[in-house]
Chemist: 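Structure in structure tokens, see below.
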Amino acid sequence: MKISGCIFDMDGVIVDSAKHHFTAWKMLADELSIPFTLDDNKLLKGLSRIDSLEKILSLGSLELNSNTKLLLMEKKNSLYLYLVSKMSEYEILPGVKDLILELRREGVGVCLGSSSKNATVILKNVNLFNLFDGVVDGNNITLSKPDPEVFLKGAEILGISPSECVVFEDAASGIEAALSGGFFALGIGDASELSRANSVVSDLCGMTLEKLNQITG
Ligand code: B16
Ligand code: MG
């Protein structure tokens, strides 16, 4: 496969913001007296904010009206934004920046494909924003992963076909999105959770374009 572009998911691939999502959702769940554990938090990987809230409410068998849900999401997001405002480039996951720099040197397009509505602010906080040729996030899409919209828009920005593009994803929903869009889906994390991916690596430590070429064949 000729690699003309790479699309990176953000949470869990570029930075570990899941821990901040957990702190913020946990505050809300405690207020609602809903039991919410780190294992429950894993179920929220890649889900949109509203889908995450719905999942948490279902853990407590709680049904709320839309206005209340909006208020709860705003509250959660304020705390989350406060937590991520303290992030710096030290929180970029191992190997990510070197890989992006190499891809850029070699003329491979680099785009973000995240469900998060906070992607731009986080990329700026960790000083990576300027290295992306395009950013597609929760503000630019109408359908969440596993729909491929987020990645298809990324490929469009890069001006390439999905068949020449690698998607880096840590969530099963994102792997499904990449596969149904016709991308090479590279899972980042636990192979047993990402068994549908075309290939899985535990992290991007030491990843190079040469290794990517070997993986994609
Ligand atoms: P926000 P990704 C996703 O980002 C997270 O994995 C998911 O846990 C979160 O609920 C979602 O973003 C929405 O985030 O509340 O910031 O809009 O993994 O697609 O980069
Ligand atoms: Mg993710």
Side-chain angles (χ1 to χ4, degrees), residues 6-29 36-59 69-85 87 91-93 96 110-126 128-129 132 134-154 167-178 181 183 185-190 193-194 196-197 200-204:
C6 288
I7 303 181
F8 292 83
D9 171 56
M10 188 183 68
D11 287 345
V13 171
I14 291 179
V15 287
D16 175 19
S17 34
K19 62 185 178 200
H20 300 312
H21 278 299
F22 176 69
T23 305
W25 282 128
K26 178 75 180 147
M27 175 265 315
L28 209 69
F36 181 61
T37 64
L38 272 170
D39 271 346
D40 296 328
N41 194 54
K42 287 186 188 160
L43 302 174
L44 310 183
K45 251 190 209 179
L47 297 189
S48 66
R49 199 177 303 169
I50 180 66
D51 288 347
S52 302
L53 177 64
E54 298 286 9
K55 187 77 120 192
I56 292 169
L57 294 179
S58 74
L59 292 173
K69 286 191 232 178
L70 275 178
L71 288 173
L72 291 177
M73 285 192 290
E74 273 170 27
K75 193 168 181 183
K76 180 264 174 179
N77 200 49
S78 310
L79 175 56
Y80 180 69
L81 281 176
Y82 168 74
L83 296 169
V84 301
S85 73
M87 289 178 95
E91 294 194 51
I92 300 171
L93 291 170
V96 170
V110 177
C111 188
L112 191 85
S114 166
S115 305
S116 174
K117 292 188 171 169
N118 300 306
T120 295
V121 71
I122 293 175
L123 287 184
K124 285 185 175 167
N125 288 348
V126 301
L128 278 183
F129 185 74
F132 283 82
V135 170
V136 186
D137 67 15
N139 299 297
N140 319 117
I141 52 173
T142 50
L143 298 163
S144 302
K145 301 168 188 175
D147 189 279
E149 183 184 11
V150 64
F151 298 135
L152 291 174
K153 284 201 164 154
V167 166
F168 298 72
E169 249 295 347
D170 71 316
S173 59
I175 294 294
E176 292 306 324
F183 297 84
L186 180 59
I188 312 293
D190 185 340
E193 283 175 25
L194 303 169
R196 293 258 305 140
V200 181
V201 292
S202 52
D203 54 45
L204 289 176

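Reckoned from all heavy atoms, side chains included, excluding hydrogens, waters and symmetry mates. Read the numbers this way: they start at 1 and go in the same order the structure lists the ligands and their atoms.
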Chemist: Counting backbone and side chain alike, does E169 bring an N/O/S atom below 2.8 Å of the Mg ion (ligand 2)?
Modeler: no
Chemist: Check step by step if side-chain contact (heavy atoms from CB on, under 4.5 Å) holds for N77 and K117.
Modeler: CA-CA 10 Å; N77 200 49; K117 292 188 171 169; over 6 Å; no
Chemist: Identify the closest protein heavy atom to atom 15 (O) of ligand 1: which residue and atom is it, and at what distance?
Modeler: R49 NE, 2.8 Å
Chemist: Under a 4.5 Å cut-off applied to non-hydrogen side-chain atoms, are K145 and D51 in contact?
Modeler: no
Chemist: If the contact criterion is a heavy-atom separation under 4.0 Å, does G46 count as touching ligand 1?
Modeler: yes
Chemist: Below 3.5 Å, N or O to N or O, backbone or side chain included: is there any such pair between M10 and ligand 1?
Modeler: yes
Chemist: Cation-pi check, K26 to F36: give yes when NZ or CZ is under 6.0 Å from the six-membered ring centre and within 45° of the ring axis, no otherwise.
Modeler: no
Chemist: Considering only heavy atoms of K145, which atoms of ligand 1 have at least one such atom less than 4.0 Å away?
Modeler: 19 (O)
Chemist: For ligand 1, is M73 a contact, meaning one of its heavy atoms is under 4.0 Å away?
Modeler: no
Chemist: Classify the ring geometry of F168 against F8: parallel below 30°, tilted from 30° to 60°, perpendicular beyond 60°.
Modeler: parallel
Chemist: What angle, to the nearest 10°, do the atoms OD2 (D9) and OD1 (D170) form about the Mg ion (ligand 2)?
Modeler: 80°
Chemist: Identify, for atom 17 (O) of ligand 1, the protein heavy atom at the shortest distance, and state residue, atom and that distance.
Modeler: K117 N, 2.6 Å
Chemist: Determine the interplanar angle of the H21 and Y80 rings, folded into 0 to 90°, and report it as parallel if under 30°, tilted if 30 to 60°, perpendicular if over 60°.
Modeler: parallel
Chemist: Looking only at distance, does Y80 have an N or O less than 3.5 Å from an N or O of ligand 1?
Modeler: no
Chemist: If you have a sec, work out which protein heavy atom is nearest atom 2 (P) of ligand 1 and how many Å separate them, to one decimal?
Modeler: D9 OD1, 2.8 Å
Chemist: Tell me the protein heavy atom at minimum distance from atom 8 (O) of ligand 1, and give that distance in Å.
Modeler: L44 O, 3.1 Å
Chemist: Is it the case that ligand 1 has an N or O less than 3.5 angstrom from some N or O of S115?
Modeler: yes
Chemist: Under a 4.0 angstrom heavy-atom cut-off, which atoms of ligand 1 come close to N118?
Modeler: 1 (P), 16 (O)
Chemist: Does the side chain of V150 come within less than 4.5 Å of S115's, by heavy atoms?
Modeler: no
Chemist: Give the name of the N/O/S atom in D11 that lies closest to the Mg ion (ligand 2).
Modeler: O
Chemist: Would you say S52 has any N or O atom under 3.5 Å from an N or O of ligand 1, going by distance alone?
Modeler: yes
Chemist: In Å, rounded to the nearest 0.5 Å, how long is the span from CG of L81 to NZ of K76?
Modeler: 8.5 Å
Chemist: Has ligand 1 got any nitrogen or oxygen that is less than 3.5 angstrom from a nitrogen or oxygen of D11?
Modeler: yes
Chemist: Counting non-hydrogen protein atoms only, what is the nearest one to atom 20 (O) of ligand 1? Give residue, atom name and distance.
Modeler: S114 OG, 2.7 Å
Chemist: Please report which non-hydrogen protein atom sits nearest to atom 11 (C) of ligand 1, along with the residue it belongs to and the distance in Å to one decimal place.
Modeler: L47 O, 3.0 Å
